[in-house]
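Just so you know, residue 1 is the first one in the sequence shown, and it goes up from there.
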Amino acid sequence: MDAATFSPAGYDTDFLELPLRLPAPPAGTIIRDLPYTHFTVLLEPVRRLAIATGVNIDGDQLVDVDRGDDWHLDPRIPLAEQTGEAVYANNDLDRGHLVRRRDPVWGDATTARQANADTFAYPNAAPQAGEFNQSKALWLGLEDHVLTYARTNKNRISVFTAPVLSTDDPVYRGAGVPQSFWKIAAWATTVDGFTLLRAAGFVLDQRPQLADIDLDTARAHALIAGTPPPLGPYRSYQVPIVDIAGLTGLTLDALAAADVLAPVPAIREDAGPRTLWVELTEISEVRLLSRTDPRPT
């Protein structure tokens, strides 16, 4: 990738029938805005990880290309601002794609190949637990499920994903390892002749299920041994988007207003953090229909 000639458009605000901006970081946050083919990464250079990503997915133009595995640093920003191979070498951490590899791979053959290659840029990765389990498969399949549902919008969705960057994240080889990730899928639908935005929010939790004292001990042993910090089995939740805003500090007003999971105000006022989270065990449990949307016939 030649930094002098590589100038993709990145995430398209007008991709859906209604305009939808990328999530906005908190005021004063230093961000590297990195456009790729059909997606954009907003990189937080201090943590060296994305604070948000946004991808446009056109289900009618998806293309199958050889996967490859050419993980590479982005030459447009300093190496010191990226979490690269040194964090993932010789351990069981996955280079977890944030923008899923196949999501931006659509359009003509040249564009699709470039999009595939772009997803292997290290700014589009974050350390994840290497063990594959059912909940991880569910997390990876959420975009497919939403895309199948969003037929009323020319089979198009936009998806936003990133780790939750917390001061409590354990440090490994100089990088903070995120303990959870968030994802929001957005699409347009027609209700009573009007085009409306709809969105669904999700959180993936990879915190180890240990008591605090056991967790401290496990992390201390990992630090001494030079191994990755303990991570738990994946647990996926559908959550109110306002809770994702609270976790991340991102401005998600338009997405929160379109949330299919948004409860009536009286319920929201009485519910504390996480009380409205729905743990998912299979894809059929995902809710994509708002209370005001017509039921399918």
Side-chain angles (χ1 to χ4, degrees), residues 23 49-55 94 96-100 103 126-150 157-166 168-170 177-187 198-212 215 230-264 267-291:
L49 293 170
I51 194 171
T53 68
V55 59
D94 276 353
H97 274 87
L98 298 174
V99 171
R100 198 175 56 155
D103 285 352
Q128 291 185 342
E131 182 180 354
F132 193 90
N133 59 35
Q134 183 178 359
S135 190
K136 184 174 182 180
L138 188 156
W139 180 258
L140 294 175
L142 283 172
E143 286 97 326
D144 291 336
H145 183 62
V146 177
L147 194 58
T148 299
Y149 179 83
I157 62 172
S158 292
V159 177
F160 311 95
T161 312
V164 177
L165 303 181
S166 170
D168 295 332
D169 290 338
V177 177
Q179 299 175 92
S180 57
F181 295 78
W182 61 271
K183 184 190 303 290
I184 301 172
W187 64 98
R198 291 289 182 256
F202 306 92
V203 166
L204 175 71
D205 193 340
Q206 63 174 3
R207 293 176 302 167
Q209 305 301 305
L210 299 172
D212 288 344
L215 181 57
L231 297 172
Y234 283 52
R235 302 176 68 188
S236 295
Y237 300 84
Q238 186 166 2
V239 309
I241 292 173
V242 292
D243 287 2
I244 296 177
L247 285 172
T248 62
L250 295 166
T251 298
L252 302 171
D253 294 351
L255 291 163
D259 191 355
V260 297
L261 197 63
V264 295
I267 296 176
R268 178 74 256 181
E269 290 172 3
D270 293 338
R274 292 180 177 262
T275 59
L276 298 177
W277 290 26
V278 179
E279 185 167 6
L280 304 173
T281 59
E282 56 185 42
I283 204 73
S284 63
E285 295 172 342
V286 174
R287 175 177 161 183
L288 298 177
L289 198 65
S290 169
R291 288 179 173 82

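For the pair P178/S166, no side-chain contact is recorded, criterion being any heavy-atom separation below 4.5 Å from C-beta on. For the pair W277 and P240, the minimum side-chain heavy-atom distance is below 4.5 Å. Looking only at side-chain heavy atoms (C-beta outward), F160 and L252 stay at 4.5 Å or farther from each other. Put simply, the side chain of L49 reaches to within 4.5 Å of the side chain of P127, judged on heavy atoms. Annotation: side chain of V239 is not in contact with side chain of L247 (no heavy-atom distance under 4.5 Å).
The shortest non-hydrogen separation linking L204 to S236 is CD1-OG, 3.6 Å. When all heavy atoms of P23 and L250 are compared, the closest pair comes out as CB-CD1, 4.2 Å. When all heavy atoms are compared, the tightest approach of L165 to A50 is CD1-O, 3.9 Å. Here the shortest heavy-atom pairing between P163 and W182 reads O-NE1, 3.7 Å.
With hydrogens and angles disregarded, no donor-acceptor distance shorter than 3.5 Å links the side chain of T161 to the backbone of T53. In this structure a side-chain-to-backbone donor-acceptor pair under 3.5 Å is missing from E143 to A185. Here the side chain of R198 pairs no donor or acceptor atom with the backbone of S290 at under 3.5 angstrom. In this structure, the side chain of Q128 does not engage the main chain of G96 through any donor-acceptor pair within 3.5 Å. Side chain of Y237 to main chain of D205: no donor-acceptor pair is present (N/O by atom type, distance under 3.5 Å, no hydrogens or angles).
In this structure, CG on L98 lies 8.5 Å from NZ on K183, to the nearest 0.5 angstrom. Considering CG of L142 and CD of Q238, their distance stands at 8.5 Å, rounded to 0.5 Å. Here the straight-line distance linking atom CG of L261 with atom CG of L288 works out to 10.5 Å at 0.5 Å rounding. Atom CG of residue D144 and atom CD1 of residue I157 lie 8.5 Å apart, to the nearest 0.5 angstrom. We find the CD1-CD1 distance between I184 and I244 to be 4.0 Å, quoted to the nearest 0.5 Å. The line from CZ of F202 to CG of L280 is 6.5 Å long, rounded to the nearest 0.5 Å.
The salt bridge (charged side-chain N to carboxylate O under 4.0 Å, His left out) check on E285 picks up nothing, with sequence neighbours excluded.
For Y149 and W187, the distance between ring centers is under 6.0 angstrom.
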